[in-house]
Asker: 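Got a structure for you, written out below as structure tokens; questions coming shortly.
This is a predicted model, so every value here is computed, not measured.
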Amino acid sequence: MKKRFDTTLLEELLAASVRPLLMGHFNPDGDSVGALMAMSHYLISRGMYPSAVLPSHYPEYLAFLIGEETPLTIHSQEDDNARDLIASADLLICFDFNRLSRTEQLEDDILASEAPKVLIDHHPHPEVEHFDLVYSDTELSSSCELLFWILMSMSDIQGDPSRLTLKCSESLYVGMMTDTNNFYNSVIASTFEMASLLTGVGVDKTKLQEAVYNNYSADRMRLMGHLLKDCLHIIGDCGVAYLLLSAEDKRLYNFAIGDSEGFVNLPLSIKGIRISALFSELDNGQDKYIRVSLRSKGDLDVNRFASLYCNGGGHINAAGGRLYMPFEEVASYIEKSFREYLKIG
Ligand code: 5GP
Ligand code: MN
């Protein structure tokens with residue numbers, strides 16, 4: 001079952017690089033941050049000095065993964081550090097996105113860079129034309145699983161996970177765990193094999209589950225209660241349920257980045273519901289839009305729905321995007337869109 005990848009070119013690119021830069025996507029999740037941190041620990045163990053850039057801030061529940069060893073720069077409009085790092089890097093390694101537009105305002109900087117570019121991702125239809133080396137496997141649970149099997153194929157690791165540092169192993173485990181919703185979806189045999197190999201070399205799965213899933217504020221729990229009681233809408237004949245999270249409710253419940261993690265999965269436990277959505281109103285002065293999260297069961301494709309109706313994309317069963325309209329209009333827009341998409345009514 002072990003997955004093998006050809007790492008010849010990757011090893012050549014690493015050997016030739018002095019200033020490697022690791023990049024994740026906008027609104028980085030556990031998979032993107034996990035892969036970026038895992039690669040950073042691996043490169044450090046090879047004697048390299050990687051830097052990392054995220055196009056926007058990571059959620060607080062991932063802070064424990066981010067150490068001091070790797071200079072992590074978060075892009076902001078106010079300073080040009082992220083842009084400067086991209087311009088001066090001699091190797092770019094991108095994690096967990098299939099389109100450069102997922103790096104938002106940094107897209108043009110990446111395009112302008114003449115450094116070799118590597119993509120490590122598990123989304124469908126990656127923009128291969130922008131990269132010199134692409135590892136893309138949509139079968140795998142996560143970019144972290146893909147990176148795990150790539151690292152296992154490297155000549156200095158030789159398939160022996162005990163050669164990874166513990167921090168590298170923990171980062172890989174967290175990305176896989178969060179992208180599979182704690183082993184609930186997208187898990188295949190090789191995912192269990194990865195988990196088994198990593199726990200076998202010292203990864204403490206209970207410690208990581210505690211850090212990620214049992215570390216929220218009481219306000220977040222109360223917000224979840226309010227949403228489920230007062231903001232849950234069901235389109236019964238479509239098998240669709242959705243949650244509306246307003247900017248006002250975020251203020252009332254002291255919302256922090258990452259607090260809505262997992263909310264979109266909750267309505268899927270209702271009998272007959274096969275698609276779930278979360279619409280989260282974002283209003284921070286400069287940015288005003290509605291963030292969309294979509295989940296589905298079986299062969300219902302929310303990736304296509306996200307690209308047709310929500311300016312987004314993703315995977316068949318987990319996708320996201322944005323809506324640019326008054327929050328009050330989301331309910332009617334989304335009901336109409338789902339009826340059209342599912343050809344109901
Ligand atoms: P989430 O609902 O967890 O934010 O995102 C689920 C998946 O949808 C992500 O893994 C990512 O693949 C995709 N996704 C989320 N937001 C966007 C977006 O704005 N654009 C695109 N293309 N994909 C997105
Ligand atoms: Mn992912």
Side-chain angles (χ1 to χ4, degrees), residues 22-41 52-70 72-76 95-97 102 141-145 147-148 166-187 191 195 198-199 203-228 243 245 249-266 268 276 278 280 282 284 291-293 295 314 318 320:
L22 313 176
M23 296 210 49
H25 58 73
F26 192 80
N27 281 332
D29 59 358
D31 196 24
S32 194
V33 173
L36 179 145
M37 289 314 300
M39 188 58 138
S40 144
H41 291 301
V53 163
L54 289 176
S56 66
H57 217 286
Y58 55 84
E60 194 48 37
Y61 69 89
L62 294 172
F64 78 103
L65 274 188
I66 296 160
E68 308 279 294
E69 300 93 338
T70 305
L72 173 64
T73 302
I74 294 166
H75 171 63
S76 77
F95 298 97
D96 200 39
F97 58 87
R102 295 280 285 133
S141 64
S142 51
S143 298
C144 275
E145 184 182 340
L147 177 59
F148 171 77
L166 184 59
K167 283 178 177 173
C168 175
S169 299
E170 288 183 337
S171 304
L172 292 168
Y173 193 94
V174 166
M176 175 274 287
M177 178 179 85
T178 52
D179 246 31
T180 61
N181 191 17
N182 208 4
F183 295 90
Y184 193 81
N185 43 258
S186 323
V187 175
T191 320
L198 288 178
T199 50
V203 167
D204 181 343
K205 76 164 185 51
T206 310
K207 180 188 95 172
L208 299 178
Q209 281 168 333
E210 281 293 309
V212 170
Y213 295 114
N214 296 341
N215 223 349
Y216 288 111
S217 64
D219 277 335
R220 188 252 187 188
M221 181 67 79
R222 294 198 171 93
L223 172 62
M224 193 194 301
H226 166 61
L227 275 183
L228 292 177
L243 294 161
L245 172 54
D249 279 340
K250 287 183 178 176
R251 271 190 290 276
L252 278 173
Y253 291 89
N254 299 311
F255 188 87
I257 297 176
D259 272 1
S260 56
E261 201 67 39
F263 285 180
V264 66
N265 297 310
L266 299 171
L268 286 177
S276 170
L278 170 73
S280 172
L282 216 113
N284 63 10
R291 198 173 156 204
V292 183
S293 265
R295 299 290 183 272

Asker: To the nearest 0.5 angstrom, please state how far the CE atom of Met221 sits from the CE atom of Met224.
Answerer: 5.5 Å
Asker: Between the side chain of Ser32 and the main-chain N/O of His25, is any donor-acceptor distance below 3.5 Å?
Answerer: yes
Asker: Quick one: side chain to side chain donor-acceptor pair (under 3.5 Å) partners of Glu60, sequence neighbours excluded?
Answerer: none
Asker: Any donor and acceptor pair, going by atom type alone, linking the side chain of Ser40 with main-chain N or O of Leu36 inside 3.5 Å?
Answerer: no
Asker: Looking only at heavy atoms, which two atoms of Ser142 and Gly175 are closest? And how far apart?
Answerer: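 Scanning both residues completely, I find the closest heavy atoms to be CB-O, 4.2 Å.
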Asker: For Cys168 and Ala38, work out which heavy atoms get closest and say how close.
Answerer: SG-O, 3.5 Å
Asker: Is the closest side-chain heavy-atom distance between Leu72 and Tyr58 below 4.5 Å?
Answerer: yes
Asker: Just how far is it from atom CG of Asp96 to atom CZ of Arg102, taken to the nearest 0.5 Å?
Answerer: 8.0 Å
Asker: For the atom pair CG (Leu166) and CD (Glu170), what is the distance rounded to the nearest 0.5 Å?
Answerer: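 One finds 4.0 Å between CG of Leu166 and CD of Glu170.
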Asker: Quick one: does any side-chain atom of Asp179 pair with a main-chain N or O of Gly30 as donor and acceptor, under 3.5 Å?
Answerer: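 Flag not set: sc Asp179 to bb Gly30 has no pair under 3.5 Å.
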Asker: Could you go through residues 249-264 and list every donor-acceptor pair under 3.5 Å that involves a side-chain atom there, pairing it with any protein atom two or more places apart or in another chain?
Answerer:
unit_1: Asp249; atom_1: OD1; unit_2: His226; atom_2: NE2; d: 3.3
unit_1: Asp249; atom_1: OD2; unit_2: His226; atom_2: NE2; d: 2.8
unit_1: Lys250; atom_1: NZ; unit_2: Ser280; atom_2: OG; d: 2.8
unit_1: Lys250; atom_1: NZ; unit_2: Glu281; atom_2: O; d: 2.9
unit_1: Asn254; atom_1: ND2; unit_2: Asp219; atom_2: OD2; d: 2.8
unit_1: Asp259; atom_1: OD2; unit_2: Ala256; atom_2: N; d: 3.0
unit_1: Glu261; atom_1: OE1; unit_2: Tyr61; atom_2: OH; d: 3.1

Asker: List in chain and number order the residues that pass side chain to side chain donor-acceptor pair (under 3.5 Å) with His41, two or more places apart in sequence or in another chain; answer none if no residue qualifies.
Answerer: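 Per chain and number, His41 pairs via side chain to side chain donor-acceptor pair (under 3.5 Å) with no residue.
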Asker: For Asp31 and Thr178, which heavy atoms make the closest approach, and how far apart are they?
Answerer: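 Asp31 and Thr178 have their closest heavy atoms at N-OG1, 3.7 Å.
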